[in-house]
Amino acid sequence: MEKNYIKKIAMILTVFVTLTMFGSFTLGTENSTEFDGEENTANEELIDLGTIDTNEKTEDNTNESIEDAELNDASDKILSNITKSERKKAYYIDKYNDEFLGQVAYALDVARIYSLPICFIGITIGAFNFLIIGNKKLDKKEQGFGWIVGFTIGLVVFNVLPLLYALLVAGR
């Protein structure tokens, strides 16, 4: 009779841990401020002061560009047509100076972000089979252990691949 209570408690704890893991995820927010159109002050180019004669010329140029943008609203239309994923792709293409390498880096970043919840679901299913169902059925215990090992390896691989790619591409 006590084994039934232990199994029920283990099942409730497994569900609780799963919900806690999903509640703590915020997918893709670590890089969201970088792509929202804000300028990155660390990467601004230095202005050669020897080429600028007076401050009036720069003020005139900025005033003209602001007036042009206000007249035709081209910048608002362009920014509204670009999605967040296209901004990230453009960021990686600019970062690696090659379209193919930038798209591969973007795909690896997406795989890294979405592999976390998928791998945790797989680990949870494997733990359920290994710990709860596997007490009565040996084949389910082996299957659950295989799921745990496989999804743990997948979690490590999908989180290390973007790092290795950045090191190999930037290191050449």
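Hydrogens, waters and symmetry mates are skipped; everything else that's a heavy atom, side chains included, is used.
Between the CZ atom in R87 and the OG1 atom in T83 there is a gap of 8.0 Å [rounded to 0.5 Å]. Taking OG of S115 as the reference point, atom CG of L155 lies at 6.0 Å (rounded to 0.5 Å). For the atom pair CG (L108) and OH (Y92), the distance works out to 9.5 Å, reported to the nearest 0.5 Å. One finds the CG atom of L161 at 11.5 Å from the CZ atom of R112 (value rounded to the nearest 0.5 Å).
In this structure, I123 and W147 have side chains that are not in contact, with every pair of non-hydrogen atoms separated by 4.5 Å or more. Side-chain contact between N129 and I148 is absent, with no heavy-atom pair separated by less than 4.5 Å. At a threshold of 4.5 Å between non-hydrogen side-chain atoms, the residues Y96 and Y91 do not count as touching.
Under a 3.5 Å cut-off, the side chain of N135 and the backbone N or O of L131 do form a donor-acceptor pair. Under a 3.5 Å cut-off, the side chain of D109 and the backbone N or O of A105 do not form any donor-acceptor pair. With Y165 contributing its side chain and L101 its backbone, the two residues share a donor-acceptor pair below 3.5 Å.
When hydrophobic clusters are built by joining Ile, Leu, Val, Met, Phe, Trp and Tyr residues whose side-chain heavy atoms come closer than 4.5 Å, directly or via intermediates, I93 is not grouped with I82. In terms of hydrophobic clustering, with Ile, Leu, Val, Met, Phe, Trp and Tyr side chains grouped at heavy-atom distances under 4.5 Å, I153 and Y114 are assigned to a common cluster. Cluster membership check: V169 does not share its hydrophobic cluster with V160, using side-chain heavy-atom separations under 4.5 Å among Ile, Leu, Val, Met, Phe, Trp and Tyr. No path of Ile, Leu, Val, Met, Phe, Trp and Tyr side chains, each step under 4.5 Å between heavy atoms, connects F158 with V104, placing them in separate hydrophobic clusters. Under a hydrophobic clustering in which Ile, Leu, Val, Met, Phe, Trp and Tyr are joined whenever their side-chain heavy atoms come within less than 4.5 Å, directly or via other members, F100 and Y106 fall into the same cluster.
Environment of CD in E99: sparse, with no more than 12 heavy atoms of neighbouring residues, nucleotides or ligands closer than 6.0 Å.
Of all non-hydrogen atoms in G154 and C119, the two that sit nearest each other are C-SG, 4.0 Å.
Both tests hold for K141 against F130: distance to the six-membered ring centre under 6.0 Å, angle to the ring axis within 45°.
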